[in-house]
2 protein chains.
Amino acid sequence: MGVTERKAREKEELKRQILDAARELFVRDGYESVSMRKIADKIEYSPATIYTYFKDKDEILDCLCEETFLKLHVDKLAAAHQMKGDALQALKKGMETYIRFGLEHPEHYIVTFMLRAAPYHGPRARETRKAKTGQQCFDDMRNLVRRCMEEGKIMKADVEETSQALWAGIHGVTALLITLPGFPFVERERLIRRTLEILVRGISPHGK
Amino acid sequence: MGVTERKAREKEELKRQILDAARELFVRDGYESVSMRKIADKIEYSPATIYTYFKDKDEILDCLCEETFLKLHVDKLAAAHQMKGDALQALKKGMETYIRFGLEHPEHYIVTFMLRAAPYHGPRARETRKAKTGQQCFDDMRNLVRRCMEEGKIMKADVEETSQALWAGIHGVTALLITLPGFPFVERERLIRRTLEILVRGISPHGK
DNA sequence: TTTAGACGGTGAACGGTGTTCACACTATCC
DNA sequence: GGATAGTGTGAACACCGTTCACCGTCTAAA
């Protein structure tokens, strides 16, 4: 009786279709400008159908975010693995990978890190999922930071604090470069290199 | 014949009323959640009236942003002035002021620094105004960085590069804290302090 | 083979949104 | 007094996210 399985598979396929359509539209037109009706049009179903698969519009965005986080996670692991000997080098490479990932997939990056899904006050159950996936991806960096500290490659301090501050730093460049393409920025590569340099220097064990 | 003047004054007063009502609502409920009808209700006029004073909803927010960022400029000047002796202290205080300002006015911060200019949409005279305001704010930081370098308070390097990297850093914390309120961040004050610490340490003249 | 039920999909509607426009009203000027 | 300019508005338009009664179809038990 493979019926149940087939049904489940078909359901999953339509869900995939919705997500793909939504991602493409979000990327092209921005979250706010994409209506449920437009997504429905694209997959040639009625708007109401989407609600059988997703609780609401925000949940679609949420799923897309989850996927993006996963891809970034993989990229960072690969980068770290490449530098498996030196923890500090791995950390640097990881941070660089993060920035490049954002610049290469600005649309995904915006969706995941730059859109506020919920109003900025009032706890949201949904926020938790996005936050949790983010945390998982963020774990990569935390682990590298910890290793660096243990090996004395960077100054000793609170691991969480340090990791988050570093994240803020690399998010900053990425976000600015994506958001303000018209701003007279210094040449992109130079800005990235300098930012990484400052951050790494800021956590180096040398000096006071 | 003070009629013209009185009319102009009255017009200006209603414009002010609209802006004040809008600001209060935007801050409390967020830009997206505030409708023109709600603003109109608050000032006890019809929704259509607002369009005599503002081209559209965006223009209201735009005006508010201009006002807000003028205030940031002033705040930073004050902070710098307070530390007039020490350029490095002034720079630190300026960066801190920037972050706090963003967190206190998330709606305005988002609009000016976190929304991507839609490149394919039509002409955008409005964009120019926004960009100019941003640039002016950034000028404050550049000047402080230059002074610090001249006084040997920070390591010698390209002023523009350094300023932009620092900006990226403080933008990073601000943006993350605004965008991901559900993320398990370390206590806000600690994160801010640590970020500033890393950035300042990253440009310090000591060591290699 | 028939039948009851579960379920995917939908048209229509609800209550909202930003924005426009013809029109009323009023205060000013000739 | 009458023409005029300009402020304020009700009603409408074209959307939006979301819900729900309902319609088929396909499955599983009788």
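Lettering of chains follows the sequences in order, A, B, ..., and the numbering in each one begins at 1. Model, not experiment: these values are computed from the prediction.
When distances run from any side-chain atom of B/Asp56 to the nucleotides C/dT10, D/dT18, C/dT19, the shortest one goes to C/dT19. Closest to the side chain of A/Ser35, out of C/dT17, D/dG8, D/dC16, is D/dC16.
The phosphate of D/dG8 has neither OP1 nor OP2 within less than 4.0 Å of any side-chain N or O from B/Ser46. Proximity of B/Thr52 to the phosphate of D/dT7: no side-chain N or O atom is located under 4.0 Å from OP1 or OP2. Between B/Tyr53 and D/dG8 there is a side-chain N or O to OP1 or OP2 distance below 4.0 Å. A/Tyr51 has no side-chain polar atom (N or O) that falls below the 4.0 Å cut-off from OP1 or OP2 of C/dT10. The phosphate of D/dT18 has neither OP1 nor OP2 within less than 4.0 Å of any side-chain N or O from A/Lys57.
Taking for each of A/Met36 and A/Ala48 the nucleotide of DNA chain D with the nearest heavy atom, the 5'-most of the two is the partner of A/Met36.
Aromatic ring centres of B/Tyr109 and B/Tyr98 lie closer together than 6.0 Å. A ring-centre distance under 6.0 Å is not found for A/Phe138 and B/Phe185.
Across the protein-nucleic acid pair, A/Glu10 atom CD and C/dC7 atom P stand 15 Å apart, rounded to whole Å. Distance CZ (A/Arg9) to P (C/dG8): 15 Å, rounded to an integer number of Å. B/Arg37 has its CZ atom 7 Å from the P atom of C/dG18, to the nearest Å. Rounding to whole angstrom units, CZ of residue A/Phe54 and P of D/dG17 are separated by 15 Å. Protein atom CD1 of A/Ile43 is 11 Å distant from nucleotide atom C1' of C/dG9, rounded to whole Å. When the P atom of D/dC16 is taken as reference, atom NZ of A/Lys38 falls 6 Å away, rounded to whole Å. In this structure, CD1 of B/Ile60 is placed 11 Å from C1' of C/dG18, rounded to the nearest angstrom. Rounded to a whole Å, the CD atom of B/Glu32 is 13 Å from the C1' atom of D/dG17.
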For this session: Dump the intermediate steps for side chain to side chain donor-acceptor pair (under 3.5 Å) on B/Tyr31 and B/His108, then the final yes or no.
Result: CA-CA 9 Å; B/Tyr31 180 68; B/His108 303 173; over 6 Å; no
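Within the nucleic acid shown, B/Leu14 comes within 4.0 Å of sugar-phosphate atoms alone, with no base atom in reach, counting heavy atoms only.
Rounded to the nearest 0.5 angstrom, B/Ile178 CD1 and B/Ile110 CD1 are separated by 5.5 Å.
Both cation-pi conditions hold for B/Lys15 and B/Phe54: the charged atom is under 6.0 angstrom from the six-membered ring centre and inside a 45 degree cone around its axis.
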